[in-house]
Amino acid sequence: MPAQPDDPVNDPARNGAGDEPRWSELAAQPPSPERARAVELALRERLPADCVLSREEELRPYECDGLAVFHQRPMLVVLPHTEAQVRDVLLECRRLDVPVVARGAGTGLSGGAMPHAAGVVLSLARFNRILEIDPLARTARVQPGVRNLAVSEAAAPHGLYYAPDPSSQIACTIGGNVAENSGGVHCLKYGLTVHNVLGLRGYTMDGAPVTLGGRALDAPGLDLLALMLGSEGLLLVITEVILKLVPKPALAQVVMASFDDVGKAGDAVAAIIAAGIIPAGLEMMDRKAAAAVEPFVQAGYDLTAEAILLAESDGTPDEVADEVAAMERVLRAAGATAIAVSHSEAERLRYWSGRKNAFPAAGRVSPDYYCMDGTIPRKAIGQVLKAIEQLEHKYQLKCMNVFHAGDGNLHPLILFDANQSGAWQRADAFGADILELCVQLGGTITGEHGVGVEKLNSMCVQFSPAERAAFFAVKRAFDPAGLLNPGKAIPTLARCAEYGKLHVHHGRLPHPELPRF
Amino acid sequence: MQALLRELRERVRHAHESRTPLRLRGAGTKDFYGERCEGQLLELHGYAGVLAYEPAELVLTARCGTRLSEIEALLAAQRQFLAFEPPALGGDPTIGGIVAAGLSGPRRARAGAARDFVLGTLLLGCDGELLHFGGTVMKNVAGFDVSRLLCGSLGILGPVLEVSLKVLPLPPAQQTLRFEMAEGEALAAFNRWAGQPLPLCATAWFDGQAWVRLSGAASAVRASAQQLGGERIESEPAAAFWRSARDQTHPLLSRAASLWRLSLPSTAAPLSLAPPAAQLIEWGGALRWCATDRPAAEMRAIAAAAGGSAMHWRGGASGSRFHPLAPPVLELPRRLKARFDPHGIFNPGRLVAEL
């Protein structure tokens, strides 16, 4: 992006390169007591007493999101009740030059909601109402603090549900789902959050109201709605969302297949897609993951298998019967050593229970675990799993693999003990290696968890300096002062220079002839 | 192609430096579409060719000048297709033009819009830089989703040189049903059916007849056709009807002296136009084509009151084509345009007069 010297907030003398934010001015150091008091007083003047938290014990629960290794106590937490209060918080913080980090349930896994030391956490926990379900139009109008699963529960009496179902759906909120463009088990067939949001309302950091999309299927002008999905709270604070609801299928059944080789299981995934089948869910667990979850959920997993595939079919009963039969044929041809099909809803849920409980199960077998989130072309699944095995030796850490195989979205869980000196550093480097491998294979460093603070370095590998400058240009257009969730999602030129790894050009390595991993 | 790419980059860089507006053009099938725009012609149809297509990955990557016919033939050979059914509009559009316009066909309400299938793009920036956004995998939240922003931007942020699209397997079975129904009755039925677990992939209403296309597994299509009833239409006339809606060869769309496109909530009541205008309704009620020479202000007021927007698609009096944006709504697009194209060289005014 070309620099624009006529723009007062983008004066290169004051900023980093081009549109890069004012890191020096927004240094993540705690504010002076005088500054903290002045900001608190200013916000208390605008908000009811129950909306501002400032005592240390009140602030502590907000120090981190689901990725606790990155934590930071905020200067203040505000919990507004109304849209007008959200706007007031933003106006006041803009006036006082205070960073703002919006927060939903705090279940994110990339540190995207990690507070800023000199900033305010804007919790949307009180925006927890489902405002309207319109069964005929198949829409739900909700506040951002509504839990994902609550939408489907409210729509259920009408035979409808909200399709995106991230693993954390009992706790995570719609606002956070929008910020991360969350997926889930069913997004292969039913799409990501971006495919299921019709419109939203929110405020820019300058306190200006913004309405994007709506109940019609398109709107004039640039499609800013799509740009908001996955924007990690850097562009707008969202206060209302219109969601698309879809009819609940008459029946769902799951096929569970065992494989004696992860490569064969990976090829089976590609074979199902190549056979013209788009399963409602297509998930994979490796032997280590199955072994960890089986004592916990007793799902009856084949513990001798190197990999287990779960493939779900949904639709009318005839359709499901046909599709299940077709999937069984493909899985057998791909070398499945055992196949089981669920014959009741209880059995279906039991087959899924291990997949859904993989994270808590990891917590049972290891003091700490680190969940990665790269996406790769499906055909590379076997290759990546074998490379991860080699990395286990290199870093002397175990890694279990559960993932959305149908989407090629990996969730390696690196097991470590944070009390061992250097263990976290090894886990971190292990994770970065996996993500770099994803980029080399033509994939991406994050499928659905977001960059947050966690993957800033890996962004340097995936994007060129010009591409990162374009992201900062988008950021500047929405938030000229750079106060909304600063320091997340996009690394600065200086940071990437310091990280010093090569930018991999669009899946093509600088020296493809060199052996790696 | 490398020489052409160099030339395109050079021309854009030069246009940026000399502040010369460019008019981006693929096959020219959408020359009529959008606002008028002046500038030196930047022809993009030569930068053509499919770069990658792996059926099991469900992704196709092509240069912007690749023709729709070539892509569709390649996909059909593997029993796959572009599920958003991009309109050909009486020609053979380029994939770059399809993404730039962001238009979708009859399947839109169920399958999604063009932007829902865009996975990644290569943008030619105003200073000649090549910028990759998104990628070729199904799920990707690294960086802002600029690819989807570019879809439907009509080139005002720069030419999309390459695009990766998600493709889907062709449904094994299709069946079109036709019902004698008044407009209001059809709108109610479309919305009611869309809330049921039926393999409904397109609906349309014209001249007292409702058309319903089912697609999916043969068993599901058969069972649902039985459940819904209506007259079963043979596959050839059925395909011809949906093709006419998609490509705008339907008499209402091709012959109207002045054609309006209203994008509304699917549950919006039948339009009260006096005298009544001939209409083709698609997308379960969310898209209403009206052949009418009513004044623009009236059409826009009707659409806005129903919670949507009205575009003057073709013909009629001159004047702005797209539904105007209020000044506060223009502010963010204006700032984005200023950053991606500070000298306003890319398709000035084509999407919005002010940009």
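In the text below, chain A, chain B and the rest are named by the order of the sequence lines, each starting its count at 1.
Interface residue Leu168(B): only side-chain heavy atoms are found under 4.5 Å from chain A. Of the atoms belonging to Lys337(B), not a single heavy atom falls under 4.5 Å from chain A. Of the atoms belonging to Thr267(B), it is side-chain heavy atoms, and not backbone ones, that fall under 4.5 Å from chain A. The contact between Pro377(A) and chain B is made by backbone and side chain atoms together, counting heavy-atom distances below 4.5 Å. If you measure heavy-atom distances from Ala268(B) to chain A, you find no contacts under 4.5 Å at all. Only the side chain of Leu351(B) comes within less than 4.5 Å of a heavy atom of chain A; its backbone N, CA, C and O stay farther away. Looking at Arg115(B), the atoms closer than 4.5 Å to chain A (heavy atoms on both sides) all sit in the side chain, from C-beta outward. Neither the backbone nor the side chain of Leu150(B) comes within less than 4.5 Å of any heavy atom in chain A. Within the 4.5 angstrom heavy-atom criterion, no atom of Ala113(B) approaches chain A. Of the two parts of Ala270(A), the backbone and the side chain both hold a non-hydrogen atom closer than 4.5 Å to a non-hydrogen atom of chain B. Of the two parts of Arg138(A), only the side chain, counted from C-beta on, holds a non-hydrogen atom closer than 4.5 Å to a non-hydrogen atom of chain B. Within the 4.5 angstrom heavy-atom criterion, atoms from both the backbone and the side chain of Phe478(A) approach chain B. No part of Arg321(B) comes within reach of chain A, as not one of its non-hydrogen atoms sits under 4.5 angstrom from that chain. In this structure, the portions of Glu57(B) lying under 4.5 Å from any heavy atom of chain A include both its backbone and its side chain. Proximity to chain B (any heavy atom under 4.5 Å) is shown, for Glu323(A), by neither the backbone nor the side chain. Glu331(B) does not touch chain A: none of its heavy atoms, backbone or side chain, sits under 4.5 Å away. Both the backbone and the side chain of Leu149(B) come within contact range of chain A, judged by heavy atoms closer than 4.5 Å. When heavy atoms are compared at a cutoff of 4.5 Å, Lys379(A) approaches chain B by way of both its backbone and its side chain. In this structure, chain B has a heavy atom under 4.5 Å from the side chain of Val210(A), while its backbone stays farther away. Proximity to chain B involves both the backbone and the side chain of Leu217(A), based on heavy atoms less than 4.5 angstrom apart. Leu222(A) touches chain B through backbone and side chain together, each having a heavy atom under 4.5 Å away. Contacts between Lys455(A) and chain B at a heavy-atom distance below 4.5 Å are absent for every atom of the residue.
A salt bridge does not link Arg13(B) to Glu17(B): none of the charged side-chain nitrogens sits closer than 4.0 Å to a carboxylate oxygen. In summary, Asp318(A) and Arg222(B) do not engage in a salt bridge, as defined by a charged side-chain N under 4.0 Å from a carboxylate O.
Top candidate by heavy-atom pairs under 4.5 Å with chain B, chosen from Val320(A), Asn409(A), Asn181(A), is Asn409(A). Contact tally against chain A (heavy-atom pairs below 4.5 Å) for Ala217(B), Ala109(B), Gly112(B), Gly143(B): the top residue is Gly143(B). Taking Thr316(A), Val474(A), Ile445(A) one by one and counting their heavy-atom pairs under 4.5 Å with chain B, the maximum is reached by Val474(A). No other option in Leu198(A), Leu234(A), Leu235(A), Val451(A) has as many heavy-atom pairs under 4.5 Å with chain B as Leu235(A). Contact tally against chain A (heavy-atom pairs below 4.5 Å) for Phe144(B), Phe133(B), Trp283(B), Phe322(B): the top residue is Phe144(B). Put simply, of His404(A), Glu448(A), Lys475(A), the one with the most heavy-atom pairs under 4.5 Å next to chain B is Glu448(A). Most heavy-atom pairs under 4.5 Å with chain A: of the set Pro333(B), Ala194(B), Pro55(B), this distinction falls to Ala194(B). Note: Gly195(B) leads Ser153(B), Gly308(B), Gly195(B), Ser309(B) in heavy-atom pairs under 4.5 Å with chain A.
A donor-acceptor distance shorter than 3.5 angstrom exists from the side chain of Asn196(A) to the backbone of Leu192(A), with no hydrogens or angles considered. Checking side-chain atoms of Ser263(B) against main-chain N and O of Asp218(A) turns up a donor-acceptor pair under 3.5 Å. Counting only distance, with no hydrogens or angles, the side chain of Arg9(B) and the backbone of Gly128(B) share a donor-acceptor pair below 3.5 Å. A donor-acceptor pair under 3.5 Å is formed between the side chain of Thr204(A) and the backbone N or O of Asp206(A).
For Lys189(A), the NZ atom is densely surrounded, since the number of other residues' heavy atoms within 6.0 Å is greater than 12.
Applying the salt bridge (charged side-chain N to carboxylate O under 4.0 Å, His left out) test to residues at least two apart or on different chains, the pairs with a partner in residues 142-151 of chain B are Asp145(B)-Arg148(B).
Looking at His411(A), His449(A), Glu454(A) one by one, the single match for side-chain contact (heavy atoms from CB on, under 4.5 Å) with Leu109(A) turns out to be His449(A).
Not a single salt bridge (charged side-chain N to carboxylate O under 4.0 Å, His left out) links Arg468(A) to another residue, sequence neighbours left out.
Nearest heavy-atom pair, Phe346(B) versus Leu124(B), reported as atom, atom and distance to 0.1 Å: CZ-O, 3.9 Å.
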